[in-house]
Amino acid sequence: MDDGIARSRPAAWELLCEYTASEALRRHALAVEASVRAYARAAGEDEEAWGNVALLHDFDYEVHPTLDKHPQDGAPILRERGYPEWFVRAVLSHADHLGLERETPLERTLYACDELSGFVHACGLVRPDGLATLEPRSVRKKLKQKSFAAGVNRDDVHQGAEGLGVDLDEHIQRVIEALRPISRELGLPPVT
Ligand SMILES: [Fe+2]
Ligand SMILES: [Fe+2]
């Protein structure tokens, strides 16, 4: 098994950009990457590999925007580029409609960070200081407002944290802290 490609950030970024022109989608990838990396670091796992799985989890979304194609039609492309099967499986496992059980800490982490990273990002976008003073309490309040970031499935957020076995507030806090350093890349005011 050649894991070299799995651990190459430049290769992952290049593949993402090859298939994804949308700035919003690239930002989503970066946000999920930062959150998953934070979990990898905390658990002493392979941060590079975990980060690249996160960076690429939606790489084919722009060309396969429907559930009958995303992410399953992206999988052969990943295999073609030399990504190992555990990597491809982790990418596939984020999609509920494929019914894959999330078996590894990486798969559970990706799922838990996917929707919540987008939601925390959205919370930052409506605050003058971005993520600087955002707290889990106000994120939870926004989760209860159905009209706010309505595209984010609240059940997925709760199930993600449960699947990972973390308290929701701690999970939100970790994601906020993971996103602060990349505020500028996410189009948010930089946190100093
Ligand atoms: Fe996806
Ligand atoms: Fe995603």
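One-based numbering, in listed order, for ligands and for the atoms of each. The model shown is predicted, which means the values in this text are computed figures rather than measured ones.
- Between Asp96 and Arg102, at least one side-chain N (NZ, or NE/NH1/NH2) sits under 4.0 Å from a carboxylate O, which counts as a salt bridge.
- A continuous path of hydrophobic side-chain contacts links Phe59 to Leu100 [ILVMFWY only; heavy atoms under 4.5 Å].
- Under 2.8 Å from the Fe ion (ligand 2) lies no N/O/S atom of Glu115, from backbone or side chain alike.
- A salt bridge is defined here as a Lys NZ or Arg NE, NH1 or NH2 lying under 4.0 Å from an Asp or Glu carboxylate O, and Glu115 with Arg154 fails to meet this definition.
- The pair Glu48-Arg37 meets the salt-bridge criterion, with a side-chain N (NZ, NE, NH1 or NH2) lying under 4.0 Å from an Asp/Glu carboxylate O.
- The closest approach of His94 to the Fe ion (ligand 1), by N/O/S atoms, is made by NE2.
- With the Fe ion (ligand 2) as the vertex, NE2 (His57) and OD1 (Asp114) define an angle of 90°, rounded to 10°.
- Taking the Fe ion (ligand 2) as reference, the nearest N/O/S atom within His28 carries the name NE2.
- Between His70 and His94, the ring-plane angle classifies as tilted under the 30° and 60° cut-offs.
- Asp58 contributes OD1 as its N, O or S atom closest to the Fe ion (ligand 1).
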